[in-house]
Amino acid sequence: MNEIIEQLKEAVHISPNNIPLRLHLAGLLLKENQLAEASEQFAQVLQLQHDNTKALTGLATVYYRQQKYSPAIILFEQLQEQHALDNDSRLLFIRCLLKENSLTPARELYEQLLHDQPDFKDAEIDQALRLPGMEMGMESEALLQELANEHRYFMEKPSLNFSQVGGMKQLKNEISLKIIHPLRNPEMYKAFGKKTGGGILMYGPPGCGKTFIAKATAGEISAKFISLGLHDILDMWIGNSEKNLHEIFQVARRNKPCVLFIDEVDALGASRTDMRQSAMRQIINQFLAELDGVKDSNDGVLVLAATNAPWSVDSAFRRPGRFDRVLFVAPPDEESRREILASILKEKPAESIDTAQIAKLTANYSGADLQAVVDIAIEQKLEESLAKGVLQPVTQKDLLKAVKQHKPTTGEWFTTARNYALYANETGLYDDILRYLNLKK
Amino acid sequence: MIEQNKYHYIERARLLLKQKRYKEAEAEASAVLQGNPNDVDALQIIGHCRLDNKQVDEAIALFQQCVGLDAGDDYLYYLLAFAWYQKNKMDKSMHYLQQAISLYPHHAGYFSLQANIYITQKKYGQAVEAAEQGLRQNAKDVSCLNARSKALLRLNLEDDAMESIQSALQIDPEDAQTHVNYGWVYLEKNEPQKAMEHFREALRINPNSQYAKNGYKTALKCKLTLYRWLLQYHLWMSRQSKALRIGFIVGIWLLVSFFSRDSNTGTRSDMIGQVIIGVYIVLVLFTWLGNTLANAYLLVSPYGRYALDNSEKWSAFSVTCVFAVALAMCGVGIFYGEEWFWNAAILASFSILFNVMHFPVKIFRGGKKQVMLQALLVLGLITIASSFISADAATVCRSVYLIALAACMWAGSLLNA
Ligand SMILES: Nc1ncnc2c1ncn2[C@@H]1O[C@H](COP(=O)(O)OP(=O)(O)O)[C@@H](O)[C@H]1O
Ligand SMILES: [Mg+2]
């Protein structure tokens, strides 16, 4: 083999502009895994003819083997533009994209590949892309089972539980009633002929513990817990959404009892103006159908959702049987603030802190604001400790100083919410806000 | 950053921007900028976020940067035009808008902005033309229909305006801006009840619309007959050209000073002259203070209270207080002499200052006009204080204060005309 290569090298030397010859040499070098030299030869061809498909493919393959994924992707993209992407290069392209974490384009390419070669199967790519069964030429039921077994969707049980959530008494009660008890005593509910299911929608200013309490709920129960966040929802919009949504609900149903938590649920509905476009409407309808359990029963699937913008949540979400409990999560009151501070400070080096005093001074602060206050104090203390070489515990004075530095962030939300409560409250949805703001007539 | 990867971020950022999640949208776009600090798409998205958050200067800087990188994108020029429109710089706005239109003359939205610029410039005929050009691109463009109706209303073509608005409402009954415009048409026709319905509807659709809220407040105040007259006067004035309005103000003043030219002779015509001056002053004060006094009425009405913003509340409150105290001082004056009447008058004149002052007051900051108002207020307080010290000093202070006040008012009223 090496002899042939040497001969070809010489031939190329004599007629350097002979493209087929050079390509032949480069191909052999690639086969022999002499990557550096192969790369040089392909590059030479590209200098002569910048869109030579074989050279582009070859060089991209070299880069892939050298684990230089980003330059490989650039070349593959060029090939794609030239419509010269064969199935082998496509596969490499997908692998490169996966290495670079570009899931969406990878998914698209993979779907094309499967379209051309329905029998193709690659466990690694399947795993990374979580394609639904239909497209993989696999029994969708089997796939779902596989997915369910793999615990892919399920949140790991957090160490958080209700005792670490300060305040929020009413919400804890409501969640207990609707979610925790039905899961603990299913027979009791059955005996009284009460179906378990339906959902709770929490709304309120950011940073007041909606996500936090959902996580704590997961810690309280022994049931499975699926958590969907803003980014998952966005990816539904960008990718092929309805299938994913259906798939998630299916997994939940197969693993009941199961809690499905959807954070920033308003993202499913986009804004009012956009919803008139039917394409955007689809995902909402799909979601509603899943909530209703049109095709499959939702018995034992408990849905918990949270939003900062209840006004962007489609009103259809609130019909009976869907989110039948809509709960306002207000900024913590003084007592709750004290509890929150205590729980934040519990494992921090601190010295005789009077949480009650700080709680008194922090009206309108959200849980996240309190967290920020403590963080500021700790940061300053850390610097001091590093300078002095001894650990300096956080003191009351530090916290008081931090309170002055961090202003509450809930005001902005209430400016908007107040307007909705005053002028768009036909259904009484925002009565809690009116009450909170002392505007109830 | 790899192209494909980049579009993933950009697509997400656009989606987030559409959902008004500005912070998250900026974060996605920033991720792209880390790979390529000159990425036009990302810069544009961040600019858009800033624009929606009223950080107009930052937005303009970003769009400018984008134009430097890609001079062929019409939408960028439109965004620039819109930003300048928000800053009330109509010439600049028009300049960029024309570039957008010349690059892509088929976007109805571009023409609706053009129409709105013309409306702000009181070039109503051109505004109608621009709106109609937009409607030729898209006959169902609600913003063009709205702009058209606004311009027609100013041209005293009420029926045509009404028709334009009704077709807008037919196309999209859930458009807050259309309802606001409808409300103003009814106010113009002196039918505040119907106006109120539409402002309410607009607020229901978009409770955060400042335009809707302003209309709503105006309609509420129309329960006061005096305010309704005042509104009709203001609406009438706003239809006139700038020259005409200045002419009107100066003309009335000349007329009044002509009739009262020899009001010191003690004759019968002198009496008439004084009455005319008196009426004139009351009317002028009414045009200035009427709105704030009507706000004071809202302050005690169950719905209106919530619609007022803080600055309006404080203005209304302080103006009312000043009048109440001035009245009390007049009462004291009956027993203790002329000094008190003077002080009451000076105190009452503070209402003019409070009327246009921004609350909460930033002491000697907040722009030339605000500083001037505060200076006048201090001067007035010194004048009142001086009356307790020496009569001569009080006389001097009074003249200085009154001359300064009069000068500022004249300058102000002409500038605002
Ligand atoms: N009731 C609470 N008890 C303890 N910590 C809280 C509480 N509420 C908020 N926090 C703190 O604030 C952070 C932000 O809260 P989060 O749940 O993300 O707010 P939201 O989802 O309502 O916007 C939490 O991670 C937690 O540290
Ligand atoms: Mg949250």
Side-chain angles (χ1 to χ4, degrees), chain A residues 69-74 76-78 80-81 93 96-97 99-109 206 230-231 233-239 264 266-276 280 308-309 311-312 412 415-426 430 434 437 439 441, chain B residues 1-25 27-28 31 35 52-54 140 142-143 171-177 179 199-210 212-213 215-217 301-310:
Chain A
Y69 300 115
S70 0
I73 287 175
I74 294 172
F76 282 129
E77 275 169 4
Q78 193 176 337
Q80 193 179 23
E81 264 170 42
F93 192 4
C96 290
L97 288 168
K99 294 280 184 203
E100 295 279 321
N101 257 329
S102 313
L103 293 185
T104 313
R107 183 172 292 131
E108 265 167 36
L109 278 166
L230 181 61
H231 272 81
I233 298 178
L234 287 186
D235 286 342
M236 286 185 196
W237 281 98
I238 294 167
E264 318 278 350
D266 55 292
L268 275 175
S271 75
R272 225 184 251 270
T273 34
D274 298 321
M275 295 203 321
R276 259 174 261 123
M280 299 258 185
N308 297 340
W311 32 85
S312 304
E412 197 186 334
T415 332
T416 305
R418 178 181 185 273
N419 285 330
Y420 278 94
L422 281 173
Y423 305 116
N425 192 27
E426 314 93 77
Y430 304 122
L434 288 176
L437 292 172
L439 295 172
K441 286 149 231 161
Chain B
M1 174 136 330
I2 309 138
E3 276 292 295
Q4 292 254 354
N5 209 347
K6 174 202 139 175
Y7 279 105
H8 194 69
Y9 282 97
I10 293 291
E11 209 176 342
R12 273 222 285 251
R14 292 219 171 102
L15 209 54
L16 288 163
L17 173 61
K18 224 182 252 172
Q19 298 189 346
K20 301 199 191 331
R21 293 174 193 271
Y22 299 109
K23 252 209 292 222
E24 287 96 340
E28 297 285 331
D52 281 8
N53 279 310
K54 305 257 146 57
K140 292 192 164 186
V142 172
S143 58
I171 292 163
D172 183 2
E174 287 276 295
D175 186 275
Q177 192 55 44
H179 283 286
F199 290 131
R200 273 230 185 92
E201 190 62 10
L203 271 177
R204 185 191 63 72
I205 295 164
N206 181 5
N208 282 305
S209 156
Q210 200 52 48
K213 211 182 261 181
Y216 178 70
K217 279 185 284 196
S301 82
Y303 295 104
R305 186 167 49 215
Y306 303 125
L308 293 177
D309 66 35
N310 269 338

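To find a chain, count down the sequence lines: A is the first, B the second, and so on, and within it residues start at 1. All values derive from a computational prediction rather than experimental measurement.
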Check: What part of Glu28(B) gets closer than 4.5 Å to chain A, counting heavy atoms only: side chain, backbone, both or neither?
Finding: side chain

Check: So do the side chains of Arg200(B) and Tyr216(B) get within less than 4.5 Å of each other, counting heavy atoms only?
Finding: yes

Check: Any donor-acceptor pair under 3.5 Å linking the side chain of Arg14(B) with the backbone of Ala25(B)?
Finding: no

Note to self: Does any backbone or side-chain atom of Ala212(B) lie under 4.5 Å from a heavy atom of chain A? Answer side chain, backbone, both or neither.
What the structure shows: neither

Checklist line | Contact origin within Glu264(A) toward chain B - heavy atom pairs under 4.5 Å | finding: both

Note to self: With chain B as the partner, which of Leu230(A), Asn308(A), Asn425(A), Thr415(A) has the greatest number of non-hydrogen pairs under 4.5 Å?
What the structure shows: Leu230(A)

Next item on the list: Using a strict cut-off of less than 4.0 Å between a Lys/Arg side-chain nitrogen and an Asp/Glu carboxylate oxygen, indicate whether Glu24(B) and Arg12(B) qualify as a salt bridge.
Entry: no

Checklist line | side-chain contact (heavy atoms from CB on, under 4.5 Å) partners of Ser301(B), counting only residues at least two apart | finding: Leu298(B)

